[in-house]
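Notes follow the structure.
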Amino acid sequence: MRFLVLLGAPGAGKGTQAMILAQRLGLPHVATGELFRAAVRAGTALGREAQQYMERGELVPDAITVDMLLERIDRPDAGEGVILDGFPRSRTQAEALEAALLERGMAVDRALLVDVPAEDLVGRLSGRWVCRLAGHPYHVISNPPRIPGICDVDGSALEQREDDRPEVVRARLARQLAPMQSVVEYYRARGVLRTVDGRQPIDDVTRDLIAAVETVRPGA
Ligand code: AMP
């Protein structure tokens, strides 16, 4: 069982790393933002509720988010563990996760912080494009697709997310950095935090993240 939490500000490269790690470690990548976007695309009640918050760059209320997350981690494919991306976003969510995992006889094994200074983030986000089908992330400079505008993985069109527009980006950063820092401190206090320099090339960030989880025994 390996329960990993990936932490990083919007634009730190956390989503990219989560997908690579999921493949390398054979664990499902559970991204709450992607679960919400899938619900919006499917037009479910959850999606309609979440959409109003997402469009304003606000967090979806905890009650909705925590229920959705627990339903996901209780599915059979999460039995060996998960890579959690985009959750917890606040101390309250971290506490809710800890309580829910405790009931299941589990705990967060590692919280991995992909660290990028705040001043680099707006530029990184405004160059970000994601694929329409599955949200595979690209960056015009640091991680371009092989064919412009087309996803390498599934061939779908790339688009800029509504909430990656500069004015929404600034609102998201202002709202999310302080709560994220409180989550970082929460896991630091529990001795499970590892920090990786997110300004390095993608492969180097991956290498450092893998090194940080290698000390967690699979099946432990
Ligand atoms: P992300 O793809 O992680 O940037 O998430 C996109 C949007 O989904 C966020 O701006 C929030 O509106 C919502 N969201 C994702 N994860 C959470 C969470 N843990 N708590 C509340 N809202 C979330």
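Predicted model only: the values in this text are computed from it and were never measured. Below, each value reflects all heavy atoms present in this structure, side chains not excepted, and no hydrogens, waters or symmetry copies. Numbering of ligands and ligand atoms starts at 1, following listing order.
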Could you tell me the residue and atom name of the protein heavy atom closest to atom 23 (C) of ligand 1, and the distance to it rounded to 0.1 Å? Phe36 CE1, 3.7 Å
Enclosure of Arg24 CZ (heavy-atom neighbours >12, cutoff 6.0 Å): no
Looking only at distance, does Phe87 have an N or O less than 3.5 Å from an N or O of ligand 1? no
Linking directly or through intermediates, with side-chain heavy atoms under 4.5 Å: list the remaining ILVMFWY members grouped with Leu59, chain and number order. none
Applying salt bridge (Lys or Arg N to Asp or Glu O under 4.0 Å) as the test, list every pair that has at least one member in residues 38-54; sequence neighbours left out. Glu34-Arg41
Give me the nearest non-hydrogen protein atom to atom 21 (C) of ligand 1 as residue plus atom name, then the distance to 0.1 Å. Val60 O, 3.2 Å
Can you name the atoms of ligand 1, numbered from 1 with element, that are less than 4.0 Å from a heavy atom of Gln93? 18 (C), 19 (N), 20 (N), 21 (C)
Give a yes or no on whether Gln52 atom CD has more than 12 heavy-atom contacts from other residues, nucleotides or ligands under 6.0 Å away. yes
Counting both backbone and side chain atoms, is some N or O of Arg37 under 3.5 Å from an N or O of ligand 1? yes
Counting from 1, what ligand 1 atoms have a heavy atom of Glu58 closer than 4.0 Å? 11 (C), 12 (O)
When you look at Val153 and Cys131, which way does the side chain to side chain contact (heavy atoms under 4.5 Å, CB included) test go after all the steps? CA-CA 9 Å; Val153 182; Cys131 87; over 6 Å; no
With atoms numbered from 1 as shown, which atoms in ligand 1 lie under 4.0 angstrom from a non-hydrogen atom of Thr65? 18 (C), 19 (N), 20 (N), 21 (C)
For atom 4 (O) of ligand 1, closest protein heavy-atom neighbour: Arg172 NH2, 3.0 Å
NZ/NE/NH1/NH2 to OD/OE distance under 4.0 Å, Asp74 and Arg104: yes
When you measure from the centre of the six-membered ring of Tyr53, is the NZ or CZ of Arg56 under 6.0 Å away and within 45° of the axis? yes
For Gly86, is at least one N or O under 3.5 Å away from an N or O on ligand 1? yes
Does any N/O atom on Glu34 come nearer than 3.5 Å to any N/O atom on ligand 1? no
Using heavy atoms and a threshold below 4.0 Å, how should the contact between Arg161 and ligand 1 be classified: side chain, backbone, both, or neither? side chain
What protein heavy atom sits nearest atom 16 (N) of ligand 1, and how far away is it? Thr32 OG1, 2.7 Å
Would you mind checking if Asp164 and Arg124 are paired as a salt bridge, meaning a charged N to carboxylate O distance below 4.0 Å? no
Do Asp85 and His29 get their side chains close enough for a donor-acceptor pair, meaning under 3.5 Å? yes
Out of Met54, Gln176, Arg175, Arg89, indicate the one that has the non-hydrogen atom closest to atom 5 (O) of ligand 1. Arg89
